[in-house]
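Only heavy atoms go into these numbers, but all of them, side chains included; no hydrogens, no water, no symmetry mates.
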Amino acid sequence: MSEPWLHIVGIGEDGMDGLLPATRAVVAAAEVIIGGERHHMLAENLTAERLAWPHPFDALIDTIKGLRGRRVVVLATGDPLWFSIGARIGRAIDPAQIIYHPQLSAFQLAAARMGWSLPDVETLTVHGRPVEQMIAFIQPDVRLLILTTGAETPAQIARFLTERGFGQSRMTVLAAMGGKDEARFDGLADSWDQVVPAFNTLAVECVAAPDAALVPRVPGLADGLFQSDGTMTKQEVRAVTVAKLMPMRGALLWDIGCGCGSVAIEWMRAARYARAVGIEPRADRRAMAAANALALGVPKLELIDGMVPGALTGLDSPDAIFIGGGLSRATFVAAWSALRPLGRLVANAVTLESEAELIALHKTYGGDLVKLSVHRAEPVGRLTGWRPMMPVTQWSLVKR
């Protein structure tokens with residue numbers, strides 16, 4: 001086994017003084033130190049060669065690998081393995097070759113400043129990522145700690161909160177925690193006007209108004225939350241569909257015939273880091289899906305223009321597949337062959353022709369075949385009656 005040669009050191013606002021003696025000795029003995037401008041300023045008066053983060057950032061791995069044989073230190077903020085560069089490096093370089101030196105993370109410091117218990121808090125990062133992804137976590141009485149992108153991020157998040165009926169949410173920006181210039185800025189989302197430093201951590205205590213939008217992360221969001229031309233998997237059927245698809249952390253879904261994206265969006269909201277690729281030949285529906293994904297906090301939904309089964313070629317192997325449109329035996333065979341072991345496939349049909357195809361596939365491949373029938377109460381003149389929706393035949397199975 002290779003000996004460790006790379007040190008990844010977490011550093012705080014107190015710089016070298018805040019490091020453990022052994023870690024401080026490692027940094028002082030380094031031949032090469034890699035980090036951002038701020039990191040280098042926190043570790044001044046050293047004789048090592050200094051390297052800045054390369055551009056593009058992915059070039060960092062090649063840069064580090066090229067330094068093997070020298071005493072190399074990579075500086076990161078706080079805990080290098082908590083939403084930080086250490087995890088990215090550890091995926092590309094054997095962790096047995098790395099020694100991590102963690103420092104207190106921004107989350108730990110912020111929780112201490114707020115008097116919050118970390119297990120009771122959602123920890124998020126929008127640093128270098130779409131700010132909209134925090135929208136999925138806006139819930140009544142939830143506490144959020146968010147690593148921000150810059151000075152403008154708190155105002156953006158204040159707007160998201162206010163637009164969704166959470167304008168009375170309490171917001172606190174914490175900057176330079178643990179250093180001599182530490183600062184705190186407090187306010188409410190609907191009146192937020194603070195000017196804050198670019199490097200900051202945001203604490204949010206979500207407070208819902210009586211008319212606030214309730215957008216849980218469990219599947220079955222109201223149909224009205226989605227832009228749609230009417231062709232979509234409706235709320236009750238969608239809840240069953242996503243449950244059968246079994247969203248899991250980091251898992252990938254193919255949504256074939258994704259329409260306005262409702263199933264893919266609910267999949268991504270239901271599990272941290274879940275991914276989805278929507279295949280949809282109509283440009284207007286792809287546009288609606290993109291707008292819905294942004295509004296509901298999953299802006300990384302990938303949308304592909306194409307017809308199945310041809311459009312499936314070259315895609316990453318999925319953990320789950322939903323066929324809501326474009327159902328054919330050829331599409332199923334292509335999808336099934338690409339599905340990873342223990343993958344889940346769900347296909348819904350509303351026409352007799354599609355239902356006949358599902359029945360034939362069920363006879364060959366097994367799985368569960370059910371018919372979902374939903375009636376909604378609606379006005380009938382001055383009274384109320386049950387109005388049936390089109391029944392949906394649903395076939396689901398797990399690849400063993």
_Side chains of Thr77 and Arg38 only: does a donor on one sit below 3.5 Å from an acceptor on the other?_
yes
*What's in the same ILVMFWY side-chain cluster as Leu339, cut-off under 4.5 Å, chained through other members?*
Leu252, Trp254, Ile256, Val277, Ile279, Ile304, Val308, Leu312, Leu315, Ile321, Ile323, Leu327, Phe332, Val333, Trp336, Leu345, Leu358, Ile359, Leu361, Tyr365, Leu369, Trp395, Leu397
*asked:* So, taking the atom named NE2 in His55 and the one named CG in Leu60, what distance separates them when rounded to the nearest 0.5 Å?
replied: 11.0 Å
*asked:* Can you give me the closest heavy-atom contact between Gly259 and Ala289, atom names plus distance?
replied: O-CB, 3.7 Å
*Starting from the C-alpha separation in whole Å, work towards a yes-or-no answer on side chain to side chain contact (heavy atoms under 4.5 Å, CB included) for Glu378 and Thr384.*
CA-CA 6 Å; Glu378 294 186 6; Thr384 306; 6.0 Å; no
*Strictly by modelled atom types, are Ser354 and Glu357 linked by a side-chain donor-acceptor pair under 3.5 Å?*
no
*Salt bridge between Asp14 and Lys180, side-chain N to carboxylate O under 4.0 Å?*
no
*asked:* Strictly below 4.0 Å, N to O, side chains only: are Asp186 and Arg184 in salt-bridge contact?
replied: yes
*So which pairs with a foot in residues 129-143 pass salt bridge (Lys or Arg N to Asp or Glu O under 4.0 Å), sequence neighbours left out?*
Arg143-Glu205
*asked:* Under a plain distance cut-off of 3.5 Å, with no hydrogens placed, do Arg285 and Thr231 share a side-chain donor-acceptor pair?
replied: yes
_Testing the basics here: between Pro80 and Ser84, what is the closest heavy-atom pair and its distance to 0.1 Å?_
O-CB, 3.2 Å
*Is it possible for you to check whether Arg238 lies under 6.0 Å from the centre of the six-membered ring of Phe322, through NZ or CZ, and within 45° of that ring's axis?*
no
_Pairing donors with acceptors under 3.5 angstrom, does anything connect the side chains of Asp223 and Gln235?_
no
*About how many Å separate OG1 of Thr123 and CG of Leu118, when rounded to the nearest 0.5 Å?*
7.5 Å
*Indicate, with yes or no, if Ile157 and Leu144 share a hydrophobic cluster defined by side-chain heavy-atom contacts under 4.5 Å among Ile, Leu, Val, Met, Phe, Trp and Tyr.*
yes
*asked:* Is there a path of hydrophobic side-chain contacts, each under 4.5 Å between heavy atoms, that joins Leu104 and Met177?
replied: yes
*asked:* Before you tell me yes or no, could you show the steps for Glu266 and Leu221 under side chain to side chain contact (heavy atoms under 4.5 Å, CB included), namely the whole-Å CA-CA distance, both residues' side-chain angles and the distance that decides it to 0.1 Å?
replied: CA-CA 8 Å; Glu266 294 247 39; Leu221 295 180; 3.5 Å; yes
*Heavy atoms only: give me the nearest Arg50-Asn45 pair and the separation to one decimal.*
NH2-N, 4.4 Å
*asked:* As an exercise, state the distance from CG of Asp193 to CZ of Phe185, rounded to the nearest 0.5 Å.
replied: 12.0 Å
*Test Thr241 against Asn348 for side-chain hydrogen bond (donor to acceptor under 3.5 Å, both in side chains), laying out the working first.*
CA-CA 8 Å; Thr241 299; Asn348 290 352; 3.1 Å; yes
*asked:* Looking at Arg70 and Glu49, is there a salt bridge between them, counting it only when a charged N and a carboxylate O are closer than 4.0 Å?
replied: yes
_If only side-chain N and O atoms count, and only distance matters, is there a donor-acceptor pair under 3.5 Å linking Asn292 with Ser262?_
no
_Short N-O contact, Asp229 and Arg282, less than 4.0 angstrom_ = yes
*Least distance between heavy atoms, Val73 atom then Ala30 atom*: CG2-CB, 3.6 Å
*Which is it for Ile146 and Thr125 under the side chain to side chain contact (heavy atoms under 4.5 Å, CB included) test, yes or no, and what are the steps along the way?*
CA-CA 5 Å; Ile146 306 168; Thr125 181; over 6 Å; no
*Are the side chain of Thr393 and the backbone N or O of Glu355 linked by a donor-acceptor pair below 3.5 Å?*
no
*asked:* Assess, by modelled atom type and distance only, whether the side chains of Gln103 and Asp79 contain a donor and an acceptor separated by less than 3.5 Å.
replied: no
_CA sep, side-chain torsions, deciding dist, call: His39, Trp53, side chain to side chain contact (heavy atoms under 4.5 Å, CB included)_ = CA-CA 10 Å; His39 300 124; Trp53 297 133; 3.9 Å; yes
_My understanding is that only one of Leu6, Ile33, Ile8, Thr63 makes a side-chain contact (heavy atoms from CB on, under 4.5 Å) with Val72; could you say which?_
Leu6
*Is the shortest distance from a Lys or Arg side-chain nitrogen in Glu302 or Arg275 to a carboxylate oxygen in the other one below 4.0 Å?*
no
*asked:* To check you understand the geometry: which heavy-atom pair defines the closest contact between Ala110 and Thr201, and what is its length?
replied: CB-CG2, 4.1 Å
*For His362 and Gly367, indicate whether the former's side chain and the latter's backbone hold a donor-acceptor pair under 3.5 Å.*
yes
*Thr162 and Asp190: side chain donor to acceptor below 3.5 Å*: no
